[in-house]
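Everything below concerns the one structure shown next.
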Amino acid sequence: MTTWDSLYARRATRMRASEIRELLKLLDRPDVISFAGGIPDPALFPAREFKQAYSDILGGPEAERALQYGISEGSIRLRQWIVEHMGELGVSCNLENILITSGSQQGLDYIGKLFLSEDDTALVQWPTYLGAVQAFNAYELHFERLEPRANLDASDYLARAEEKGGAVKFAYLSPDFANPTGLSLDLEERKRILSLAGDLACAVIEDAPYQSLRYDGEPVRAMLALDCDCNGGIENSRTLYCGSFSKSLSPGLRLGWICAASEVISRLVLIKQASDLNTPVLNQEAMARVAETKFESHTARTNAIYRDRRDAMLAALEKHMPAGTSWTRPEGGMFIWVELPEELDASDLLERSVETAKVAFVPGRAFHPDGSGGNTLRLSFSCADTGKIEQGISRLGALISETVMSRH
């Protein structure tokens, strides 16, 4: 009988199931109000526009090309739209600076494969996006905490990385409405991280799937744009911008992109060729059509709805949460991060919440590479209407209050 464990590569021992995706399997119950899934509301998808786009492609002369293999870099039409979109964000680039990926998650895996050797170090926010931890973890790295306003300087990070037998390869962060906290970096914080990366001679990974979901405040210049400003353009930049259509138009088509210096893109293309050859051409062509005609109007519509839901959740938290509980107040995105009294564990609370309060959330420990953050949790407001948000937060607040009282 084959003993598979003896055949697996050593890195396979570092692969872990997504706690969030495993959790969602258990929470697909109609009687539970779920604030767990960090996903767009499917009722808001531009389904009619996509139906028309696919019909036009498959019913015309482009059908043969759209159903064929494509170039690994991605559809020229979609990449051209992205070039123009990046220009609106302050990044002057061309087609050679864009790689289409099967969702931004694939892009993170490619970045890990390109940059990370065994025992290297990645600097990440704390907490950080669980999917990034999963993508990078297989490459046998170490994580260090990235604090934009902390006192650690480059020499501290370098010394720690050398002690662990590797080098600092990149700083990974979501500067706009991060998953899971919903928080954004201000201009000074972005500049400080770019300066730190320069001192470390490492890359910066700007993960920006929520960038277009802004409800309040003024947009802050993209880190790639700031980097280009300081270094004379994208070819001299150390920042890789990871974009996505999943939160704006459709996650099901699995389309994202990386924008970076052409030297880096050419290396990532080689990984793409060895991985899946190309992202489906049909999906790319349909996305290009919908993005060209509907991106701005669709995001404006969805942002108005998400803004109302965020406001409803913030108001409900203010009304129903007990003393000793705090939360973030994001200007956009899909998430609010809650910190419970220290004596509570969100993982323990979740089981009772689902069974008695009929409310689901994501415990915060999953977002901490070191397993800390037991008294934190993530709430998503994107898929519940304002009535369910009030009802669900009321139940959750009552459960937390009851739990706190029982501990005293």
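Just so you know, these numbers come straight off a predicted model, no measurement behind them.
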For this session: Show the numbers, then the answer: is there a side chain to side chain contact (heavy atoms under 4.5 Å, CB included) between M313 and I393?
Result: CA-CA 7 Å; M313 183 168 281; I393 297 299; 4.3 Å; yes

Nearest heavy-atom neighbours spanning [X] and [Y]:
X: A384; Y: I389; value: O-CD1, 3.4 Å
X: A222; Y: Y241; value: CB-CE1, 4.4 Å
X: A178; Y: Q125; value: CB-OE1, 4.4 Å
X: I258; Y: G107; value: CD1-CA, 3.8 Å
X: P148; Y: L185; value: CG-CD2, 3.8 Å
X: T325; Y: M321; value: CG2-SD, 4.1 Å

Could you check whether atom [atom1] of [X] has more than 12 heavy atoms from other residues, nucleotides or ligands sitting under 6.0 Å from it?
X: I76; atom1: CD1; result: no
X: K164; atom1: NZ; result: yes
X: R395; atom1: CZ; result: yes
X: K358; atom1: NZ; result: yes
X: E218; atom1: CD; result: no
X: Q273; atom1: CD; result: yes

Problem set entry | Verdict with reasoning, R365 to D345, per salt bridge (Lys or Arg N to Asp or Glu O under 4.0 Å) | CA-CA 9 Å; R365 188 177 280 114; D345 187 291; 2.8 Å; yes

Are the side chain of [X] and the backbone N or O of [Y] linked by a donor-acceptor pair below 3.5 Å?
X: S401; Y: G397; answer: yes
X: D311; Y: D308; answer: no
X: T328; Y: T181; answer: yes
X: T356; Y: R352; answer: yes
X: N231; Y: S237; answer: no
X: R329; Y: L314; answer: no
X: E189; Y: D186; answer: yes
X: Q105; Y: G131; answer: yes
X: H298; Y: S248; answer: yes
X: S380; Y: G37; answer: yes

Problem set entry | F335: which of Y210, F177, F35 passes ring-ring contact (aromatic ring centres under 6.0 Å, His included) |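 Going through the options one by one, the only one that passes is Y210.
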
Could you pull out every donor-acceptor pair under 3.5 Å between side chains of residues 202-209 and any protein atom, sequence neighbours left out?
unit_1: E206; atom_1: OE1; unit_2: M223; atom_2: N; d: 3.3
unit_1: E206; atom_1: OE1; unit_2: L224; atom_2: N; d: 2.9
unit_1: E206; atom_1: OE2; unit_2: M223; atom_2: N; d: 2.9
unit_1: D207; atom_1: OD2; unit_2: Y172; atom_2: OH; d: 2.5

Flag side-chain contact, heavy atom, 4.5 Å: [X] against [Y]:
X: L379; Y: W327; result: no
X: I265; Y: I98; result: no
X: D216; Y: R307; result: yes
X: N97; Y: E235; result: yes
X: V83; Y: Q80; result: yes
X: L152; Y: E147; result: no
X: R309; Y: D41; result: yes
X: Y129; Y: V124; result: no

Exercise. Does E188 come within less than 4.0 Å of R149, counting only side-chain N to carboxylate O?
Worked result: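 R149 and E188: not salt-bridged.
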
Relative to the ring of [Y], is the ring of [X] parallel (under 30°), tilted (30 to 60°) or perpendicular (over 60°)?
X: F245; Y: W257; answer: tilted
X: W4; Y: Y8; answer: parallel
X: F170; Y: F115; answer: perpendicular

For this session: Go through F45 and F50 one step at a time and tell me if the ring-ring contact (aromatic ring centres under 6.0 Å, His included) criterion holds.
Result: CA-CA 9 Å; F45 292 154; F50 277 114; 8.5 Å; no

Problem set entry | Which residues share a salt bridge (Lys or Arg N to Asp or Glu O under 4.0 Å) with D227, sequence neighbours left out |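 So D227 forms no salt bridge (Lys or Arg N to Asp or Glu O under 4.0 Å) with any residue.
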
For this session: For a side chain to side chain contact (heavy atoms under 4.5 Å, CB included) with L123, tell me which candidate from L200, L173, I193 qualifies.
Result: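 Answer to the side chain to side chain contact (heavy atoms under 4.5 Å, CB included) test with L123 among L200, L173, I193: L200.
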
Problem set entry | Pairs satisfying salt bridge (Lys or Arg N to Asp or Glu O under 4.0 Å), at least one member in residues 165-174, at least two apart |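 For residues 165-174, and leaving out neighbouring residues, the salt bridge (Lys or Arg N to Asp or Glu O under 4.0 Å) pairs sorted by first residue read D120-K169.
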
Problem set entry | R79 vs E73, salt bridge (Lys or Arg N to Asp or Glu O under 4.0 Å): CA-CA, chis, key distance, verdict | CA-CA 9 Å; R79 283 191 291 148; E73 290 85 346; 5.4 Å; no

For this session: Test R254 against N283 for side chain to side chain contact (heavy atoms under 4.5 Å, CB included), laying out the working first.
Result: CA-CA 8 Å; R254 307 308 304 130; N283 288 356; 6.0 Å; no

Problem set entry | Set of side chain to side chain donor-acceptor pair (under 3.5 Å) partners for D56, sequence neighbours left out |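 Side chain to side chain donor-acceptor pair (under 3.5 Å) list for D56, sorted by chain: Q52.
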
For this session: Show the numbers, then the answer: is there a side chain to side chain contact (heavy atoms under 4.5 Å, CB included) between S75 and I100?
Result: CA-CA 8 Å; S75 158; I100 302 296; 5.8 Å; no

Regarding [X] and [Y], is there a side-chain donor-to-acceptor distance under 3.5 Å anywhere?
X: N179; Y: R378; value: yes
X: Q106; Y: D276; value: yes
X: K272; Y: T279; value: yes
X: R214; Y: S184; value: no

Exercise. Going through the distances and angles, do D348 and T403 end up as a side chain to side chain contact (heavy atoms under 4.5 Å, CB included)?
Worked result: CA-CA 11 Å; D348 294 339; T403 306; over 6 Å; no

For this session: Mind checking the OG-CG spacing from S174 to L183? Nearest 0.5 Å is all I need.
Result: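 So the gap between those two atoms works out to 11.5 Å.
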
For this session: For Y110, enumerate each residue passing the ring-ring contact (aromatic ring centres under 6.0 Å, His included) test, keeping only those at least two apart in sequence or located in another chain.
Result: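 ring-ring contact (aromatic ring centres under 6.0 Å, His included) check on Y110 returns nothing, list empty.
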
Problem set entry | Any residue meeting ring-ring contact (aromatic ring centres under 6.0 Å, His included) with F295, in chain and number order, not counting sequence neighbours |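 Here the qualifying residues are W81, H85.
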
